[in-house]
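Numbering of ligands and ligand atoms starts at 1, following listing order. These figures come from a predicted structure and were not determined experimentally. Side chains are part of it too, since the values below use all heavy atoms of this structure and drop only hydrogens, waters and symmetry mates.
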Amino acid sequence: MKFQSTRDQSATKFSAAQVIKQGLASDGGLFVPESIPTLTVAEIEALRNADYPTRAAKILGKFLTDYTEEELLADCRAAYAESSFVGGAAPLVALKNNVFSMELWHGPTAAFKDMALQIMPRLLSRALVKTGEERTALILVATSGDTGKAALEGYKDIDRIKMVVFYPVDGVSRVQKLQMQTQTGNNVYVCAINGNFDDAQTGVKKIFSSDEDVKYLNEKGFFFSSANSINWGRLAPQIVYYVSAYCDLLNNGTLQMGEKMNVTVPTGNFGNILAAYIAKLMGLPIDRLVCASNKNNILTDFFRTGTYDRNRAFHLTMSPSMDILISSNLERLLYFMAGAEHTAAYMESLNKTGAYTIEPEIKKAIDASFSGFCANEEETAQTIRDTMKESGYLADTHTAVALSAARQYMKVSGDTKPMVVASTASPYKFANDVYRSLYGTNPTDPLAALDELSAKTGTEIPYPLRGIGQRKIRFTDVVPAADMWKAVQKYLG
Ligand SMILES: *Cc1c(COP(=O)(O)O)cnc(C)c1O
């Protein structure tokens, strides 16, 4: 299986290892597989009886054909071990009305980013060997909270990789800061900056694009790599859990082989829902894909009108991982629907004017699979309350946006097929907002929120967040935004 850029009409081909090492194509496009491999009924039948790591290795093997079965199985066993995904990698919980919550947050940082970031570093480490790379990869991350921690947990103690994470000193939650300050691993360094998230991100981009810094690193035996969510190595592992959910619905008698399920995904960068669409293209019986947005409903508008327009206000919400105006992975959907030439033109228009409009026949093709629905802050809070009342289920703010969208879709369409809703974060990761949504008052303070939520709902705090206030603090450096490169040099020694 070879890969190409979404914007390249000449379709130059790359291997999976090259694509994982490089991340982004040199024309600014995203890497996509040259064709979509198929998943047959017989293969799904075989996966029904397999555990999650085996299912994952099988699906990944269809895309990463330059990795051996043994390599993929070893990496999947290590990534999705019971000891790090306590309670299973992607268990389904039945709610009312044929809705199932697919819990993607049982990993080491209690958020769905773990599903990709636990395996991707292992794939990168092997990609360095496969491509004959002799240097060590240095990964720089600017984070507003969740991605940094998930990346740190994924890359810690992985061979031939070092990682530096920068976060705005006053721009992350108390829990998020503690999660990063107490990070373990002998190849990672965490540094706060005086500035906001944009300063951190600009600083990282500046380092990446400085010839002088690149040369300095090269002489020391390093090269820059990124843990970005548009890397194919992060997308491919996300296809797996949709296949796994289908197997689980067969096994629990909800579906007969070949019958279709629907999927709702709380969407930000469009990676997670795109993975579901690829599963559908492979032949997994998925009917409708519901794209759920919060108050930043640019995607809802896109699916309804065919126009993507980022010239609009940006809202901070209690589902911050979905607060986004540019959904990078949407470019991959456009490529699958309209081809490289159209995609390059849309992206140019987006760059120049902040907007583009797809042609009616392309919109029609998208309509055949996708629907867009959104929930504002009050609807999200109401959904958290309703879900607790009706199903005794505690949903986080992101999952609640999706549950609301799923309900809206089912009501409008009358479609009663089993609905798998991607649950992307533990409610304890957003304990403060979940608590306030349920009880209408604030908990004592953001750290106490976890214990208070647990006591009131009788649910357990997931292991990565337990006793977070008592862990040993390892990283306390704070530097001016202008000194980020100095901090990297000091760390490398
Ligand atoms: C990243 C994230 C999302 C959005 O996922 P995309 O793949 O970017 O669409 C949703 N919920 C949570 C909790 C996240 O961390």
Checklist entry - Strictly under 6.0 Å, is that where the ring centroids of Y335 and H342 end up? => result no
Item to check | G268 N/O to ligand 1 N/O under 3.5 Å | outcome: yes
Checklist entry - Is ligand 1 under 4.0 Å from a heavy atom in the side chain of Q238, in the backbone, in both, or in neither? => result neither
Next on the checklist: Tell me whether the NZ or CZ atom of R304 lies within the 45° cone about the ring axis of F373 and under 6.0 Å from its centre.
Outcome noted: yes
Checklist entry - Does F370 have its ring centroid less than 6.0 Å away from the ring centroid of Y277? => result yes
Next on the checklist: Regarding S5 and D27, do their side chains bring together a donor and an acceptor under 3.5 Å, going by distance alone?
Outcome noted: yes
Item to check | ligand 1-proximal atoms of A111, by part, heavy-atom distance under 4.0 Å | outcome: neither
Checklist entry - Which atoms from ligand 1 have a heavy atom of P266 less than 4.0 Å away? => result 4 (C), 10 (C)
Item to check | Flag for E331-T6: side-chain donor and acceptor within less than 3.5 Å | outcome: yes
Checklist entry - For E379 and T383, does a side-chain donor sit closer than 3.5 Å to a side-chain acceptor? => result no
Checklist entry - Is the closest N or O pair between N272 and ligand 1 shorter than 3.5 Å? => result yes
Next on the checklist: Is it the case that ligand 1 has an N or O less than 3.5 angstrom from some N or O of T267?
Outcome noted: no
Next on the checklist: Is there a polar contact, in the sense of an N or O pair closer than 3.5 Å, between H398 and ligand 1?
Outcome noted: no
Item to check | Contact atoms of ligand 1, heavy-atom distance to F270 under 4.0 Å | outcome: 6 (P), 8 (O), 9 (O)
Next on the checklist: For Y439, does the six-membered ring have the charged nitrogen or CZ of K456 within the cation-pi criterion, i.e. under 6.0 angstrom from the centroid and within 45° of the normal?
Outcome noted: yes
Checklist entry - With no hydrogens and no angle check, do the side chains of N432 and N442 hold a donor and an acceptor under 3.5 Å apart? => result no
Checklist outcome for this item: the protein heavy atom lying closest to atom 14 (C) of ligand 1 turns out to be K113 NZ, 2.9 Å
Item to check | is_close_aromatic(F3, F14), centroid dist under 6.0 Å | outcome: no
Checklist outcome for this item: Nearest non-hydrogen protein atom to atom 11 (N) of ligand 1, with distance, is T424 OG1, 2.8 Å
Checklist entry - Considering only heavy atoms, does F112 approach ligand 1 within less than 4.0 Å through its side chain, its backbone, both, or neither? => result side chain
Next on the checklist: Out of all atoms in ligand 1, which are within 4.0 Å of some heavy atom of A425? Include the element for each.
Outcome noted: 13 (C)
Item to check | atom 6 (P) of ligand 1: the protein heavy-atom neighbour that sits closest, reported with distance to 0.1 Å | outcome: N269 N, 3.5 Å
Checklist entry - Looking at ligand 1, does any of its N/O atoms fall within less than 3.5 Å of an N/O of G271? => result yes
